[in-house]
Participant: 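There's a structure below that I have some questions on.
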Amino acid sequence: MKKIFFSACLALTAALPLTTVAQTANYPNQPVKMLIGFAAGGPTDVIGRILAQHMSTDLGQSVVVENRTGANSLIATREVAKAKPDGYTVLFASLSHNVNKLLLGDKSEYDPIKSFAPVSLVANLPLVIVTAYDSPYKNLKDLLDKAKSAPDAISYGSAGNGGSAHLAAAMMGTMANVKMVHVPFRGNAPALTEVMSGRVSFMFYPMIGIAGHVENKRIRVLAVGSSQPMPEFPGVPTMNASGFPGFEQTAPWIGMLAPAGTPQPIVDKLNASIKKAMANPEVIKRMKDLGAQPVGDTPAEFRQFLVSDMERWDRVIKASGIKAE
């Protein structure tokens with residue numbers, strides 16, 4: 001009797017890996033949900049949909065974008081962290097992935113690294129620092145000199161507490177050893193309106209949608225947050241050339257993650273599909289037109305990036321005294 005029971009246990013144990021192998025070999029055999037924690041039409045959403053379209057063709061199954069807005073992407077992130085690790089629910093994440101945890105601690109209800117299986121970093125979205133066209137600050141040095149001579153005289157806008165624009169300005173203030181006033185708004189658009197009016201001194205803004213305001217002389221670009229000068233803004237220096245080495249690392253990023261425990265063959269298949277899309281000239285052009293810098297790396301490289309990104313923003317948040325709202 002014991003021998004029969006032991007043999008049955010061995011048979012069951014041996015069958016489990018075969019089931020997993022069969023599931024991964026047939027993946028995907030149903031649509032894949034890509035959750036995005038931001039509203040439709042924003043940079044993360046637009047790029048996510050471009051990627052989903054090409055991945056659908058490559059994988060032979062629809063990659064369906066679902067917007068789960070709210071709490072700076074916290075709702076979407078929690079849902080994916082708790083999802084079944086079978087590759088059919090993934091997260092298209094951004095910089096807030098790490099920042100929410102740093103600001104909220106255990107209240108975030110997830111660990112940015114341990115709760116997920118990184119798939120790929122997809123792109124970076126360099127920020128540009130802008131002020132009103134008729135502002136007295138004609139370059140970044142003018143702005144920082146004023147901040148040094150008159151603490152709290154310089155204000156900066158953002159789309160909200162802990163967002164990319166807030167963190168970039170806080171990092172600049174920390175590196176320059178100046179104190180400035182943060183003025184949060186409910187979105188980038190109202191913040192930019194106040195900057196253009198001169199009621200707010202400056203802000204860091206995504207490259208998307210800026211060119212028209214520059215051409216119409218409503219704003220002036222003081223510096224770009226990319227590693228190299230941007231041809232869209234001739235003559236405008238990089239933050240690195242302006243005395244802020246490595247500042248390009250503050251660029252908001254977007255990437256794909258699956259729930260922790262997702263089989264590696266499935267993660268690798270998703271990664272290969274992303275890389276194939278990122279090599280497509282049409283995808284590259286559309287992303288660059290949006291001001292994004294395509295990446296497409298390995299799961300291991302993305303994991304290391306997430307660790308470094310979290311360490312960087314942890315230092316900035318602590319040095320700047322940023323707190324959750």
Participant: For the side chain of Ser56 and the backbone of Ser62, is there at least one donor-acceptor N/O pair under 3.5 Å apart?
Facilitator: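 No, Ser56 side chain to Ser62 backbone: no donor-acceptor pair under 3.5 Å.
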
Participant: Return each pair, listed once, that meets side chain to side chain donor-acceptor pair (under 3.5 Å) where at least one residue sits in residues 174-183; pairs must be two or more places apart or across chains.
Facilitator: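 Sorted pair list: Ser158-His182, His166-His182, Thr174-Ser320.
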
Participant: Can any side-chain N or O of Tyr133 pair as donor or acceptor with the backbone N or O of Asn216 at less than 3.5 Å?
Facilitator: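 Absent.
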
Participant: Do the side chain of Lys276 and the main chain of Asp58 share a donor and acceptor less than 3.5 angstrom apart?
Facilitator: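 It does not hold such a pair.
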
Participant: Please answer whether the main-chain N or O of Ser108 pairs with a side-chain N or O of Arg78 as donor and acceptor at a distance below 3.5 Å.
Facilitator: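 At least one qualifying donor-acceptor pair exists.
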
Participant: Can you confirm whether more than 12 heavy atoms, excluding those of Lys138, are under 6.0 Å from its NZ atom?
Facilitator: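 Yes, enclosed.
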
Participant: Spell out, as yes or no, whether a donor-acceptor pair under 3.5 Å connects the side chain of Ser197 to the backbone of Glu194.
Facilitator: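 Such a contact is found between Ser197 side chain and Glu194 backbone.
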
Participant: Given 3.5 Å as the limit, does a donor-acceptor pair link the side chain of Thr262 with the main chain of Pro259, or not?
Facilitator: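 Such a contact is found between Thr262 side chain and Pro259 backbone.
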
Participant: Among Leu103, Asp314, Leu306, which residue meets the side-chain contact (heavy atoms from CB on, under 4.5 Å) test with Asn98?
Facilitator: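 For Asn98, the side-chain contact (heavy atoms from CB on, under 4.5 Å) check succeeds only for Leu306.
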
Participant: Report yes or no: does Ser155 contribute a side-chain atom to a donor-acceptor pair with the main-chain N or O of Ser201 at less than 3.5 Å?
Facilitator: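 Indeed, once roles are kept as given, a pair shorter than 3.5 Å links the two residues.
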
Participant: Donor-acceptor check, side chain of Asn240 to backbone of Glu248, threshold 3.5 angstrom: yes or no?
Facilitator: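 No, because the side chain of Asn240 does not come within donor-acceptor range (under 3.5 Å) of the backbone of Glu248.
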
Participant: Answer yes or no: is there a donor N or O on one side and an acceptor on the other, between the side chain of Asp297 and the main chain of Ser120, under 3.5 Å?
Facilitator: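 No.
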
Participant: Is it the case that the side chain of Tyr110 and the backbone of His97 share a donor-acceptor pair, with hydrogens and angles ignored and the cut-off at 3.5 Å?
Facilitator: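 Pair found, side chain donor or acceptor close to backbone of His97.
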
